[in-house]
There are 2 protein chains.
Amino acid sequence: MSVIDEMLSVNKKFCANPPVDYSGEDHHESKLPKKHLAIVTCMDTRLVNFIEPALGLSRGDVKIIKTAGNCLTGMFDATVRSLLVCIYELGVKEIAIIGHHECGMSKTTTESLTKAMLANGVSPDAIKMVKKEMTEWADGFQHPEDNVKSVVAQLRENPLIPKDVKIHGLMFHPRSGELELLDKG
Amino acid sequence: MSVIDEMLSVNKKFCANPPVDYSGEDHHESKLPKKHLAIVTCMDTRLVNFIEPALGLSRGDVKIIKTAGNCLTGMFDATVRSLLVCIYELGVKEIAIIGHHECGMSKTTTESLTKAMLANGVSPDAIKMVKKEMTEWADGFQHPEDNVKSVVAQLRENPLIPKDVKIHGLMFHPRSGELELLDKG
């Protein structure tokens, strides 16, 4: 069975006998995160279904934004845009940037990505179009902690984010589940 | 207690008595998603701790990327970059774009965001710097299903993504938990 068919099949069983009935929820109210917190963290597979219980987070508590290495790619990138929606439309008052140990982004380089792309038939000209941005992003990410500190600093300086929004920096361990505070906003 | 202190306190208890011991995992192997699948979905709080059980996804199965409205903001935006890392470094062979019903992005507009930013003291000049991009992004998002179809089409045409990577479009219901297939790659 394909991965998608498997998900659809599991989902059919889940919906036939849901563990909790959310059907009566107000769909405007239920969008607002109860903890007034947005978390920016990594797409790492070891965080799936693990960071939430390790931090005591339930459905409805927080917004979660996830990208490779929880890094920013500009003053108005997808993460910043998501945070603006959180702040201005959903009542978010605090932002937690949660990096993690053993983050793959510290191994990813322009060289490794370019080599793999060329080996998979990507046109050299398409790569040239993004080379400069790729270098800044992939080669600029050295240590997960430094990246968290840099993202926190960039968000605190972003003029689109109000000064009273607290921005915190933290690190998570993908195997022990330990959360460590780097910088409290 | 502040939200951050509360998370740290819950985490201390979690780590003192972890439900599963992952400490012996190989940290290179454990990064690779077992289902060779990357999911791009929304930051919505109702998906937290809900979409994973509803789709039968456990820690280690998939990579999850989350942004407001699971939309793309360019040919090499944070989501595309994350997907490139998934494909070229982590063995991902399939991508599932999972939008959801009742998505707040369909209500977000340049007008609503600008009004809220100005009311919170953001400088009109900072807003002017991103006005064009904001309009394309916020006002361009009308219906969650249409956005999924558009993201699927954009990724299939992205020259940085190999043609043999399957790209699927799906919709999720944040209250019933139902997953619906829109377009199988």
Side-chain angles (χ1 to χ4, degrees), chain A residues 3-4 7-8 10-11 14-15 18 22-23 25 27 30-31 33 35 37 43 45-46 48-50 52 54-56 58-60 62-68 73 76-79 81-82 85 88-89 94 102 104 108 113 116 120-123 126 130 133 159-160 162 168 175 177-179 181, chain B residues 3-4 7-8 10-11 14-15 18 22-23 25 27 30-31 33 35 37 43 45-46 48-50 52 54-56 58-60 62-68 73 76-79 81-82 85 88-89 94 102 104 108 113 116 120-123 126 130 133 159-160 162 168 175-179:
Chain A
V3 169
I4 297 295
M7 283 203 315
L8 288 163
V10 168
N11 182 252
F14 178 92
C15 293
Y22 296 115
S23 61
E25 266 183 358
H27 77 272
S30 62
K31 266 178 214 166
K35 292 187 189 285
L37 176 71
M43 66 174 182
T45 186
R46 296 166 301 173
V48 173
N49 254 1
F50 185 51
E52 300 89 349
L55 273 48
S58 302
R59 179 179 177 279
V62 296
K63 311 295 282 192
I64 300 188
I65 298 156
K66 290 182 160 196
T67 64
T73 60
F76 191 59
D77 80 339
T79 298
R81 292 178 202 208
S82 299
V85 174
Y88 296 114
E89 313 235 308
E94 299 187 52
E102 303 173 356
T108 299
L113 278 175
N120 278 274
V122 172
S123 115
V130 297
E133 278 183 272
L160 303 173
H168 315 281
R175 288 187 285 131
E178 195 177 348
L179 183 70
L181 185 64
Chain B
V3 170
I4 296 296
M7 282 202 317
L8 288 162
V10 168
N11 183 253
F14 178 91
C15 292
Y22 297 116
S23 61
E25 266 183 357
H27 77 272
S30 62
K31 266 179 214 165
K35 291 187 189 285
L37 177 72
M43 66 173 181
T45 187
R46 295 166 301 173
V48 172
N49 253 2
F50 185 51
E52 300 88 350
L55 272 49
S58 301
R59 179 179 177 281
V62 296
K63 312 295 281 190
I64 301 189
I65 297 156
K66 290 183 161 196
T67 64
T73 60
F76 191 60
D77 79 340
T79 298
R81 292 177 201 208
S82 299
V85 175
Y88 296 114
E89 313 233 309
E94 299 187 51
E102 305 173 354
T108 299
L113 279 175
N120 278 275
V122 172
S123 116
V130 297
E133 277 182 272
L160 302 172
H168 315 281
R175 288 187 285 132
S176 71
E178 195 177 350
L179 182 70

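The two residues P159(A) and A126(B) have their closest heavy-atom pair at CB-CB, 4.0 Å. The shortest non-hydrogen separation linking A68(B) to V85(A) is CB-CG2, 4.4 Å. In plain terms, the two heavy atoms of R46(A) and R59(B) that are nearest each other are O-NE, 3.0 Å. Listed here is the closest heavy atom pair of A78(A) and T67(B): CB-CG2, 4.2 Å.
Using a 4.5 Å heavy-atom threshold, the side chains of L179(A) and V10(B) count as separate. Inter-residue side-chain proximity for D77(B) and T73(A) is flagged as unmet; no heavy-atom pair is nearer than 4.5 Å. Here the side chains of K66(B) and K63(A) are not in contact, with every heavy-atom distance at 4.5 Å or above. When side chains are defined from C-beta on, I64(A) does not count as touching M43(B), because their heavy atoms never get closer than 4.5 Å.
For S30(B), the parts sitting under 4.5 Å from any heavy atom of chain A are the backbone and the side chain alike. With a 4.5 angstrom heavy-atom cutoff, Y22(B) touches chain A via backbone and side-chain atoms both. For T108(A), the parts lying under 4.5 angstrom from a heavy atom of chain B are both the backbone and the side chain. Heavy atoms of L160(A) lying under 4.5 Å from chain B belong to its backbone as well as its side chain. At a 4.5 Å heavy-atom cutoff, P18(B) makes no contact with chain A through either its backbone or its side chain.
Taking 4.0 Å as the cut-off between side-chain N and carboxylate O, R81(B) and E133(A) count as a salt-bridged pair.
Applying the side chain to side chain donor-acceptor pair (under 3.5 Å) criterion to E94(A), with sequence neighbours excluded, gives H168(A). For Y88(A), there are no ring-ring contact (aromatic ring centres under 6.0 Å, His included) partners at least two apart in sequence or on another chain.
Residue F50(A) holds its CZ atom at 13.0 Å from OG of S58(B), rounded to the nearest 0.5 Å. Atom CD of E25(B) sits about 7.0 Å away from atom CZ of R175(A), to the nearest 0.5 Å.
Only one option out of V3(A), I4(A), T45(A) pairs with K35(B) in a side chain to side chain contact (heavy atoms under 4.5 Å, CB included); it is V3(A).
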Exercise. Applying side chain to side chain contact (heavy atoms under 4.5 Å, CB included), run through L8(A) and L55(B) and close with a yes or a no.
Key: CA-CA 7 Å; L8(A) 288 163; L55(B) 272 49; over 6 Å; no
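Put simply, of G177(B), G121(B), G56(B), the one with the most heavy-atom pairs under 4.5 Å next to chain A is G177(B). Ranked by heavy-atom pairs under 4.5 Å with chain A, the list E102(B), E52(B), E178(B) is led by E102(B).
At least one donor-acceptor pair under 3.5 Å links the side chain of N11(A) to the backbone N or O of A54(B).
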